[in-house]
Amino acid sequence: TVEEFLTRTLTTDGALQTTGTPQNNALLSMTQNFPQLDPSRGVAEQDLISSIYALDVLYFSTSGDAWRDRTNWLGPNTPCGDVASSGAPWFGVACDADLFVTDLDLPENDLFGELPSELRALTKLQNFVLQRNSVVGEIPAEIGNLTELLSLKYDENFINGTLPTTIGQLTNLLNLTMSMNGQIGPIPTEIGNLLNLVHLDLQSNEFTGTIPPSLAGLQSARKSRRKKTTSGYHEPSCDDFFSH
């Protein structure tokens, strides 16, 4: 069954069976809207189940009923829309030709709550934008599963806790923006693995300790942070990335 599949793959801590949790609400919503889903039909069906469930958990984890725009979420169309019925995709969602979710673009949309670990199911996600919302809690370590991410932007939220070391697994990232949150602790040295970065902004957090030497290798990010002044350009310093 769908429940057995999700318990085995995405939510293994009992939350799926606990009434009132985002995971349980997501399961109920999905089975009501898509009763035909069956993981025994193969990988493509399993991927669709995982994507719908992950997005539904995000919805219920971040007070989706109060979002500024939630068009088509929790409706009869799949996240990518239904071509046969000319159904539109869910607001903020874009997909590739194989119907994998590639973009989750929800800036300034009144999200309030925590990011769920189930987002790791969106393995083809390339752009994840949550700027200027009220997301709280920590960045889940499972963010490291989203290895095709090109852009991760969650500046101007209320995210706290330490930055997970798994951020270093996102080696395709071009843009990492997390300024104006409440993140604490040391900057993980693994961030130096993000050699493709062209934009990095960690300012206005509560990071402690020294700046990892591994950041010196991010030449593309340093180049992109050059600032124009009345006397020309100056090369970036640590103040361009962090606030003290």
Side-chain angles (χ1 to χ4, degrees), residues 10-15 21-23 54 57-58 60-63 104 106-107 111-123 125-218 220-222 224-225 236-244:
L10 284 178
T11 302
T12 60
D13 61 359
T21 63
Q23 291 78 11
V57 175
L58 174 66
F60 287 109
S61 295
T62 56
S63 307
L104 191 50
L106 298 169
L111 277 69
F112 177 80
E114 299 187 12
L115 297 179
S117 64
E118 284 81 1
L119 287 173
R120 70 183 182 274
L122 304 178
T123 56
L125 195 64
Q126 296 181 8
N127 298 291
F128 191 17
V129 180
L130 292 170
Q131 295 165 305
R132 295 179 293 279
N133 281 289
S134 297
V135 179
V136 299
E138 300 185 11
I139 294 296
E142 290 80 2
I143 195 75
N145 288 53
L146 307 182
T147 55
E148 295 198 15
L149 272 180
L150 302 176
S151 181
L152 176 60
K153 302 179 183 179
Y154 59 88
D155 45 308
E156 297 187 51
N157 279 277
F158 299 94
I159 291 172
N160 52 38
T162 58
L163 188 62
T165 59
T166 53
I167 199 78
Q169 296 169 204
L170 307 181
T171 54
N172 288 311
L173 268 183
L174 302 175
N175 190 320
L176 177 57
T177 307
M178 61 180 78
S179 59
M180 299 183 70
N181 279 281
Q183 296 191 268
I184 62 173
I187 307 288
T189 58
E190 288 81 359
I191 204 170
N193 296 336
L194 309 182
L195 298 179
N196 289 312
L197 276 180
V198 295
H199 182 83
L200 172 64
D201 192 349
L202 312 180
Q203 297 185 73
S204 299
N205 280 281
E206 300 296 329
F207 292 118
T208 56
T210 59
I211 297 174
S214 58
L215 280 176
L218 302 182
S220 58
R222 289 179 58 84
S224 75
R225 294 290 292 179
S237 67
C238 63
D239 291 322
D240 292 325
F241 298 121
F242 316 107
S243 67
H244 301 277

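Within the structure, salt bridge (charged side-chain N to carboxylate O under 4.0 Å, His left out) pairs that include any residue of residues 178-194 do not occur (at least two apart or interchain).
Within the 4.5 Å cutoff, the side chain of T177 has heavy atoms near those of the N175 side chain. Counting only heavy atoms from C-beta outward, the side chains of I191 and L215 approach each other to under 4.5 Å. Considering only heavy atoms from C-beta on, L104 comes within 4.5 Å of L125 through its side chain. Two residues are said to be in side-chain contact when any heavy atoms from C-beta on lie closer than 4.5 Å; L176 and K153 fail this criterion. Using a 4.5 Å heavy-atom cutoff, the side chains of I211 and I187 are not in contact.
Closest heavy-atom contact between M178 and N205: O-ND2, 3.0 Å. Residues A54 and A121 approach most closely at CB-CB, 4.0 Å, considering heavy atoms. For Q203 against D201, the heavy-atom pair with the smallest separation is N-OD1, 3.2 Å. Scanning all heavy atoms of the two residues, the minimum distance from L174 to N196 falls at CD2-O, 3.3 Å. The two residues S63 and F112 make their nearest non-hydrogen contact at OG-O, 3.0 Å.
With sequence neighbours excluded, the residues satisfying side-chain contact (heavy atoms from CB on, under 4.5 Å) with V135 are L111, L115, N133, N157, I159. Residues that satisfy the side-chain contact (heavy atoms from CB on, under 4.5 Å) test with T11, not counting sequence neighbours, are D13, A15, L16, Q23, Y53, E118. Partners of T189 under the side-chain contact (heavy atoms from CB on, under 4.5 Å) rule, at least two apart in sequence or in another chain, are P212, S214. Taking the side-chain hydrogen bond (donor to acceptor under 3.5 Å, both in side chains) definition, one finds that D155 meets it with Q131, sequence neighbours left out. The side-chain hydrogen bond (donor to acceptor under 3.5 Å, both in side chains) test applied to S61 returns no partner, not counting sequence neighbours. Take Q183 and apply the side-chain hydrogen bond (donor to acceptor under 3.5 Å, both in side chains) test, not counting sequence neighbours, and it matches Y154.
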Begin with the C-alpha distance, continue with both residues' side-chain angles, and end with the deciding distance and a verdict on side chain to side chain contact (heavy atoms under 4.5 Å, CB included) for V136 and N160. CA-CA 7 Å; V136 299; N160 52 38; 5.7 Å; no
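Among the candidates L58, L10, V57, the single residue satisfying the side-chain contact (heavy atoms from CB on, under 4.5 Å) test with L119 is L58.
Remark: E138 CD to S117 OG distance equals 12.5 Å, nearest 0.5 Å. How far CG of L122 is from CZ of F128: 8.0 Å, rounded to the nearest 0.5 Å.
A donor-acceptor pair under 3.5 Å is absent between the side-chain atoms of N172 and the main chain of L170, judged by distance alone.
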Name every donor-acceptor pair, under 3.5 Å, that has one atom in a side chain of residues 144-151 and the other anywhere in the protein, sequence neighbours excluded.
| from | atom 1 | to | atom 2 | distance (Å) |
| --- | --- | --- | --- | --- |
| E148 | OE2 | K124 | NZ | 3.4 |

